[in-house]
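For the single chain, residues carry numbers from 1 onward in sequence order.
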Amino acid sequence: MGFNRANYSDVIKKYNDDAMKYCLDVLENRLTAGKLIKLACLRHLNDLKRVDNDKGFKYIYSVDKARGMINFAQLIPDVSADRCLPLASFQKFIYSMLQGWIDPSIHGARFKTVYLSMARTNGKTQLASVLALRDFLLGQPASSRQVAVASNTNEQIRQLYGYIRKAWHALKKTEWFKPYSSGIVDNSQEMRIDSSNTRLVHMSSEGTTGDSVHATLTVFDEYHLQKSTDYIDSFSSGNVQNPLAKVIIISTAGTDPRVPMREDYSNYSEAIEKGNLDDTVLFLCWEQDSDDEAFKEDTWIKSNPLMEVPAMKKKLTAGLITERNNQVKKGSLPKFLVKNMNRWQNAKKNAYIPLDLIGKSIIDSFDLHNRDVYLGYDASLSNDDTSLVALIPYQLNGNNKFYIWQHSFIPTRVAGGIEAKMKRDAINYVQAEKEGYCDITKNRFGTVNQDNVYRYMLEIVEKYHWKVKAFGFDAWGTGAFIRALNEKNNDWLLFPIRQGARSLSEPTKWLQDSFNSGDIAMPNDPILKAALSNAVLTDKDNQLLIDKNMNSAKIDAVDALIDACYQGMLHFTEFTNEEQKKDKSPFSGMSNEEINEYFKKDFSF
């Protein structure tokens with residue numbers, strides 16, 4: 001990204017502090033950093049300009065407040081060295097962002113939601129302990145503060161709480177805090193300042209919820225392991241009227257793309273790149289820019305910012321090379337990418353499409369009008385979704401490409417209704433419906449009505465003036481839908497596709513290869529992204545198939561997509577699968593017994 005210092009000369013002079021130095025070192029490439037940190041630094045500089053030039057921007061930045069936070073942090077011994085060490089510049093940058101930016105209207109911090117992420121062994125827990133202790137001792141409001149430090153397990157939170165107590169034991173020996181030490185209760189359960197009714201408590205999701213704690217600050221360590229937002233929401237639900245309340249998430253990336261932290265990461269990454277990240281959200285993510293950088297040691301500071309310290313760089317580099325090589329030998333490079341490169345990965349064995357390729361395929365817009373399309377259809381049985389997918393061939397700069405469009409129909413015939421289904425599937429269907437990616441069933445039975453799906457399909461084809469080149473579907477899962485389609489749209493080429501290796505292996509491999517080569521584009525569709533990230537390969541007779549036994553993971557859109565690819569993958573070639581069927585009937589090629597079994601099958605929608 002381009003950066004011209006001259007455009008910021010006024011704020012560089014006015015706010016000449018440690019945060020400014022870090023930003024300039026990053027943006028002028030004196031310090032190697034990834035794209036997201038460069039964007040965060042650029043955001044800081046742009047926001048400094050807004051302080052004086054944007055009347056609608058209500059926040060200010062205090063160099064003195066930022067320096068005060070840094071001075072406090074420097075009093076606390078490093079937990080590894082057991083002595084005070086000079087702070088690295090990235091640590092000063094973090095502390096400056098958290099305490100330097102102020103909301104004057106509430107006399108408190110600007111950022112209410114803070115996302116801090118970096119690779120392991122870069123001092124995350126030290127950061128968490130310093131931030132929690134500072135708020136406990138010096139935070140706002142002046143009285144009745146409640147600080148909660150939380151994590152996933154009792155063991156994890158005991159470690160963080162132990163760091164906080166150790167930091168306090170060192171701090172109370174200093175001349176600045178020794179006079180106050182007698183008024184602070186410190187035990188294995190809590191820290192307490194009775195004179196100001198202030199408490200610091202530690203909790204884990206293995207124990208009680210945060211409903212009883214009206215935390216003015218919640219620090220959550222290793223958030224990537226949380227499967228839902230229920231636990232962290234329990235801390236914020238009691239603070240809706242407290243403008244000073246804030247939540248700080250500190251974590252490395254994870255191995256499950258369906259967790260809330262991954263969704264936050266995706267949303268914040270997109271927003272900061274577009275320049276529209278919420279003014280109350282601080283998003284700082286030190287990560288490698290690509291998985292390939294696992295083999296480019298000189299870039300590892302992007303995810304391991306502690307490497308800016310020469311002694312730590314040497315130590316970390318040697319350890320990381322050994323760890324990488326060991327994981328490569330085991331065939332477990334994704335583990336290294338997650339823990340040590342801070343790259344989100346799908347840790348499922350035989351994952352179909354890597355997360356980074358899914359992300360790279362997303363584009364902002366695509367003109368759907370007047371296109372050749374290949375439709376794929378996966379009908380719901382029981383509580384499954386029904387998915388309709390269009391594979392749309394197009395050319396870009398002379399290169400053959402394919403765009404994926406999908407629309408799903410979501411049943412609610414599950415205990416707890418749509419809320420329970422969203423939690424189980426880790427997909428926000430309500431939001432997806434608002435964005436036009438699905439319809440949630442509204443009938444009293446909670447089932448998908450095939451007639452509605454059929455009408456929707458015809459309407460969308462007419463709306464965009466699509467020329468349907470082929471319609472692929474599971475030969476055993478469509479019932480009256482296909483009979484109606486065969487009768488009323490007999491100009492469509494229908495492909496009943498047996499769901500076995502002989503039929504599906506080639507389109508399955510073709511789609512995977514097309515993602516690898518960058519020939520696939522798609523919208524930022526949460527249902528499609530979830531299906532692609534959930535899909536897992538299985539090997540049958542040395543041929544690749546999507547494992548359809550993964551009942552807990554929603555892959556319906558991928559099943560429909562591969563049906564669309566059956567014929568669509570041949571669009572730019574002289575070949576076709578049409579020769580495999582002699583007429584337009586969806587039952588061609590089936591025996592009488594197979595056809596009889598088809599009509600006897602009890603389909604549930």
Side-chain angles (χ1 to χ4, degrees), residues 34 36-37 113-125 127-128 150-153 155-157 159-160 204-206 218-233 247-270 283-291 293-294 300 302-305 320 323-324 327 330 332-360 422-428 526 529-536 550 552-554:
L36 292 178
I37 291 302
T113 301
V114 179
Y115 181 118
L116 298 178
S117 184
M118 63 194 74
R120 290 188 176 183
T121 69
N122 280 269
K124 294 190 309 299
T125 307
L127 276 167
S151 194
N152 307 284
T153 66
E155 181 179 354
Q156 287 174 334
I157 199 57
Q159 182 184 35
L160 174 56
S204 82
S205 55
E206 289 181 338
T218 301
V219 179
F220 203 108
D221 193 25
E222 299 298 353
Y223 182 54
H224 72 274
L225 293 173
Q226 287 291 299
K227 302 299 182 184
S228 76
T229 62
D230 290 351
Y231 187 64
I232 199 164
D233 286 347
V247 175
I248 300 175
I249 291 168
I250 302 181
S251 182
T252 302
T255 57
D256 186 348
R258 301 180 300 166
V259 298
M261 185 179 168
R262 164 67 185 181
E263 183 178 358
D264 290 342
Y265 166 83
S266 299
N267 292 338
Y268 294 157
S269 297
E270 180 182 2
F283 177 58
L284 300 177
C285 182
W286 282 266
E287 65 167 6
Q288 298 302 130
D289 287 323
S290 72
D291 293 352
E293 289 183 346
W300 286 354
K302 291 181 180 181
S303 56
N304 294 269
L320 289 172
E323 178 65 14
R324 179 199 62 194
Q327 294 299 339
K330 296 176 184 178
S332 301
L333 182 61
K335 290 184 179 179
F336 176 78
L337 289 169
V338 170
K339 297 177 182 179
N340 303 111
M341 301 285 100
N342 203 30
R343 295 280 297 173
W344 282 92
Q345 298 287 303
N346 188 342
K348 298 184 182 74
K349 187 177 181 180
N350 299 324
Y352 183 38
I353 307 294
L355 293 181
D356 64 319
L357 295 185
I358 296 173
K360 289 177 181 177
M422 289 196 297
K423 184 178 295 186
R424 186 192 70 185
D425 297 348
I427 299 172
N428 189 337
K529 289 192 297 183
L532 288 166
S533 62
N534 289 338
V536 171
M550 302 290 290
S552 62
K554 303 312 297 177

Are any of the side-chain heavy atoms of [X] and [Y] separated by less than 4.5 Å?
| X | Y | value |
| --- | --- | --- |
| Asp291 | Gln345 | yes |
| Tyr223 | Ile232 | yes |
| Val338 | His224 | no |
| Gln288 | Leu337 | no |

Determine the minimum heavy-atom distance between [X] and [Y], stating which atoms define it.
| X | Y | result |
| --- | --- | --- |
| Glu222 | Thr252 | OE1-N, 3.8 Å |
| Ser151 | Ile157 | N-CD1, 3.8 Å |
| Leu36 | Cys285 | CB-O, 3.8 Å |
| Asn534 | Lys554 | ND2-O, 3.3 Å |
| Ser533 | Ile358 | N-CD1, 3.7 Å |
| Ala128 | Val219 | CB-CG1, 3.8 Å |

- Task: Apply side chain to side chain contact (heavy atoms under 4.5 Å, CB included) to the pair Phe336 and Leu320, showing each step before the final yes or no.
- Result: CA-CA 9 Å; Phe336 176 78; Leu320 289 172; 4.1 Å; yes

To the closest 0.5 Å, what do you measure between [atom1] ([X]) and [atom2] ([Y])?
| X | Y | atom1 | atom2 | answer |
| --- | --- | --- | --- | --- |
| Thr255 | Arg262 | OG1 | CZ | 12.0 Å |
| Ile249 | Thr113 | CD1 | OG1 | 7.5 Å |
| Met261 | Phe220 | CE | CZ | 11.0 Å |
| Ser204 | Tyr231 | OG | OH | 5.5 Å |
| Glu287 | Met341 | CD | CE | 11.5 Å |
| Asp230 | Ser205 | CG | OG | 11.0 Å |

We want to know whether [X] and [Y] form a side-chain donor-acceptor pair, criterion being a heavy-atom distance below 3.5 angstrom.
| X | Y | answer |
| --- | --- | --- |
| Gln327 | Glu323 | yes |
| Asp356 | Ser290 | no |
| Gln226 | Asn152 | yes |
| Thr153 | Glu206 | no |

Between [X] (side chain) and [Y] (backbone), is there a donor-acceptor pair under 3.5 Å?
| X | Y | result |
| --- | --- | --- |
| Asn304 | Asn340 | yes |
| Trp286 | Leu116 | no |
| Ser251 | Ser117 | no |

- Task: Test side chain to side chain contact (heavy atoms under 4.5 Å, CB included) on Ile250 and Met118 and set out the steps.
- Result: CA-CA 8 Å; Ile250 302 181; Met118 63 194 74; over 6 Å; no

- Query: Would Leu355 and Arg343 count as a side chain to side chain contact (heavy atoms under 4.5 Å, CB included) if you check the C-alpha gap in whole Å, the side-chain angles of each, and the deciding distance to 0.1 Å?
  - Reply: CA-CA 9 Å; Leu355 293 181; Arg343 295 280 297 173; over 6 Å; no

- Query: Parallel, tilted or perpendicular: which fits the ring planes of Tyr265 and Tyr115, with parallel below 30° and perpendicular above 60°?
  - Reply: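 Geometry flag for Tyr115 against Tyr265: tilted rings.
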
- Message: Under the criterion side chain to side chain contact (heavy atoms under 4.5 Å, CB included), I'd like the reasoning laid out for Val259 against Trp344: C-alpha separation, chi angles, the key distance, then a yes or no.
- Response: CA-CA 11 Å; Val259 298; Trp344 282 92; 3.8 Å; yes

- Salt bridge present between Lys124 and Asp221 (N-O < 4.0 angstrom):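 No salt bridge links Lys124 with Asp221.
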
